[in-house]
Amino acid sequence: MEFDNISEMIDRSRKAQKILEGYSQQDIDEIVKTIAKTVYDNAEVLAGMAVDETGMGVYEDKVKKNQGKSKIIWNSLKGKKSVGIIEEDRINGITKIAKPMGVVGAVVPCTNPIVTPMCNAMFAIKARNSIVIAPHPRAKKCAGYTIELINASLKYLGAPENLIQTIEEPTIEKTNELMSVVDIVVATGGMGMVKAAYSSGKPAYGVGAGNIQCILDKGVDISTAVEKIISGRIFDNGIICSGEQMIIVHEDDFEMLLSELEDQHTYLVRDSDEIHRLRNAIFNDKGIIARDVVGQPIEKIAAMVGLNVPEQTRMVAVEVSGKGRDDLLCKEKMCPVIGIKQYSEFEEAVEIAESNLDVEGKGHSAVIHSNNEEHIRYAGENLKISRLLVNQICATMNGGSFVNGLSATTTLGCGSWGNNIISENLDFTHLMNITRISTVIENAVQPTDEEIWA
């Protein structure tokens with residue numbers, strides 16, 4: 001029997017799901033908790049495997065991500081109802097009953113091969129679904145081993161066999177076949193894969209491209225903002241879709257920003273020839289990011305460009321020419337490189353961010369470092385984004401945090417702006433159907449026509 005036979009995998013998955021459907025809330029939550037705890041307990045070995053196999057990212061950051069995401073996501077899920085009656089609204093006569101969708105098909109990127117399948121499995125099972133995971137071919141071993149460890153833990157619990165499966169030898173053909181036969185698709189990856197998910201004929205959740213714009217309001221604490229921006233930009237060598245990409249700074253604070261960047265070990269690229277070489281190293285002649293820079297350390301990027309950077313350099317920063325399509329460096333740069341652009345009025349800062357997002361990243365997210373509530377609201381009202389983080393590290397907090405109210409997740413919807421169906425963080429509620437029992441509202445009074453049209 002070919003274990004990667006998609007039809008057979010789906011048959012096994014449906015049998016497992018039917019068993020799971022009869023589980024109590026307590027039993028479901030024990031399985032979900034075990035998935036997270038398994039990744040938490042094996043954070044180091046899984047981080048090492050991911051770096052070794054993909055050749056991208058930072059071991060220490062991946063350990064932090066494996067531990068942090070497992071804690072945050074489980075903490076956000078525990079205590080939430082997903083079995084049977086989940087809400088009773090006696091005032092409006094509505095009772096909500098949770099129902100599973102069936103089999104979830106999850107497409108996983110090579111940039112996040114451990115916590116994305118963990119998160120997808122937690123959400124699927126929280127809603128009493130089974131799940132089949134299609135890892136990226138460049139990360140099939142570490143993703144597969146993650147599921148192997150999880151399944152060993154679930155076997156000890158006595159959970160249904162084949163509740164979580166993974167394609168061992170993933171191909172585009174197998175992934176497309178999987179997406180066409182499951183009940184719901186969660187696609188996390190490049191825009192081509194997301195488009196394929198939406199073309200599968202099945203309901204699908206996809207994500208849009210990131211290109212996080214950081215607006216520094218006039219008078220903000222530059223030192224504190226720079227530390228947060230650098231931390232986000234260099235996390236896991238810049239492969240996080242929520243990683244900061246552009247600093248938009250008031251012209252009065254520009255020199256202060258440059259000084260603070262240098263103090264915090266940023267190499268400033270200011271020579272026109274160096275800027276040209278940097279741009280050509282990061283993007284190919286078609287304006288697409290070069291594969292050999294993605295997730296690479298600053299030393300390798302510097303060597304590729306021919307930059308003589310000091311030993312302690314954490315990041316490279318470059319002032320871009322123009323906005324939007326004026327400069328390729330206004331796009332997403334999945335390595336420890338960030339762009340800088342000056343503005344004179346706050347409205348211009350927002351317009352610069354919007355121009356860059358129009359090229360890449362529309363609907364995703366932005367950051368503002370500000371203490372001006374009016375400016376914060378203006379940015380939120382005028383940027384076509386699903387999330388605006390205020391005085392936070394976007395790379396590590398955009399997918400939920402212990403100190404913000406965003407849903408804990410690894411999948412960030414970008415709304416219709418990013419060709420997505422949701423403009424919020426995906427969670428387990430997106431993977432369940434709800435039956436609503438409607439009863440007549442007691443003592444309800446129908447308004448008169450005069451009252452309705454008054």
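Only a predicted model underlies this, so the values are computations on that prediction, with no experimental measurement involved.
- Ionic pairing of D29 and K78 is not present here: no N-O contact between side-chain nitrogen and carboxylate oxygen is shorter than 4.0 angstrom.
- Between the side chain of Q25 and the backbone N or O of S82 there is at least one donor-acceptor pair closer than 3.5 Å.
- Below 30°, between 30° and 60°, or above 60°: for F346 and H375 the angle between ring planes is below 30°, a parallel geometry.
- Scanning both residues, A124 and V104, for their nearest heavy atoms gives CB-CG2, 3.9 Å.
- No donor-acceptor pair closer than 3.5 Å links the side chain of K174 to the backbone N or O of I167.
- Residues satisfying the side-chain contact (heavy atoms from CB on, under 4.5 Å) criterion with A353, sequence neighbours excluded, are Q213, I215, I248, L383.
- In this structure a side-chain-to-backbone donor-acceptor pair under 3.5 Å is missing from N66 to L46.
- Judged by distance alone, with hydrogens and angles left aside, the side-chain atoms of K33 form no donor-acceptor pair with the main-chain N or O of W74 at under 3.5 Å.
- Heavy-atom neighbours of I97 CD1 from other residues, nucleotides or ligands within 6.0 Å: above the threshold of 12.
- Distance alone, capped at 3.5 Å, places no donor-acceptor pair between the T38 side chain and the L149 backbone.
- Counting heavy atoms of neighbouring residues, nucleotides and ligands inside a 6.0 Å radius, atom CD of E161 does not exceed 12 of them.
- Side-chain atoms of T409 do not come within 3.5 Å of backbone N or O of G399 as any donor-acceptor pair.
- A salt bridge does not link K64 with E60: every distance from a Lys NZ or Arg NE/NH1/NH2 to an Asp or Glu carboxylate oxygen is 4.0 Å or more.
- Evaluation of the salt bridge (charged side-chain N to carboxylate O under 4.0 Å, His left out) rule for D327 yields R279 as partners, not counting sequence neighbours.
- Legend: residues meeting side-chain contact (heavy atoms from CB on, under 4.5 Å) with E21, ordered by chain and number and at least two apart, are Q17, K18, P100, R128.
- Annotation for N129 and L431: closest pair ND2-O, 2.8 Å, computed over non-hydrogen atoms.
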Could you go through residues 187-194 and list every donor-acceptor pair under 3.5 Å that involves a side-chain atom there, pairing it with any protein atom two or more places apart or in another chain?
residue, atom, partner, partner atom, Å
T188, OG1, T411, OG1, 3.3

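- Side chain of N211 to main chain of C330: a donor-acceptor pair is present (N/O by atom type, distance under 3.5 Å, no hydrogens or angles).
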When the side chains of residues 106-123 are checked against the rest of the protein, which donor-acceptor pairs come out under 3.5 Å, sequence neighbours left out?
residue, atom, partner, partner atom, Å
N112, OD1, K65, NZ, 2.9
N112, ND2, T116, OG1, 3.1
T116, OG1, N112, O, 3.1
N120, ND2, T116, O, 3.3

Between side-chain atoms of residues 436-446 and protein atoms elsewhere (two or more places apart, or another chain), which donor-acceptor pairs fall under 3.5 Å?
residue, atom, partner, partner atom, Å
T439, OG1, G93, O, 3.4

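- In this structure a side-chain-to-backbone donor-acceptor pair under 3.5 Å is missing from N372 to S370.
- For residues 183-193, the salt bridge (Lys or Arg N to Asp or Glu O under 4.0 Å) pairs, not counting sequence neighbours, are R14-D183.
- With salt bridges taken as basic N to acidic carboxylate O contacts below 4.0 Å, none links E244 and K228.
- Residues meeting the side-chain contact (heavy atoms from CB on, under 4.5 Å) test with Q26, sequence neighbours left out: S24.
- The stretch residues 384-407 participates, sequence neighbours left out, in these salt bridge (Lys or Arg N to Asp or Glu O under 4.0 Å) pairs: E354-K384.
- Side-chain N or O atoms of Q296 include one that pairs as donor or acceptor with a backbone N or O of G55 at under 3.5 Å.
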Without placing hydrogens or testing angles, list every side-chain donor-acceptor pair under 3.5 Å for residues 286-293, not counting sequence neighbours.
none

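- For K15, the NZ atom is loosely surrounded, since the number of other residues' heavy atoms within 6.0 Å does not exceed 12.
- By the ring pair (Phe, Tyr, Trp, His ring centres under 6.0 Å) test, Y198 is found to be paired with no residue, residues two or more places apart in sequence or in another chain being considered.
- Judged purely by atom type and a 3.5 angstrom limit, E360 has no side-chain atom pairing as donor or acceptor with the backbone of K331.
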Practice task
Apply side chain to side chain contact (heavy atoms under 4.5 Å, CB included) to E53 and K140, showing your working.
Solution key: CA-CA 9 Å; E53 185 177 7; K140 63 184 180 182; 3.8 Å; yes

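- The ring pair (Phe, Tyr, Trp, His ring centres under 6.0 Å) test applied to Y40 returns no partner, not counting sequence neighbours.
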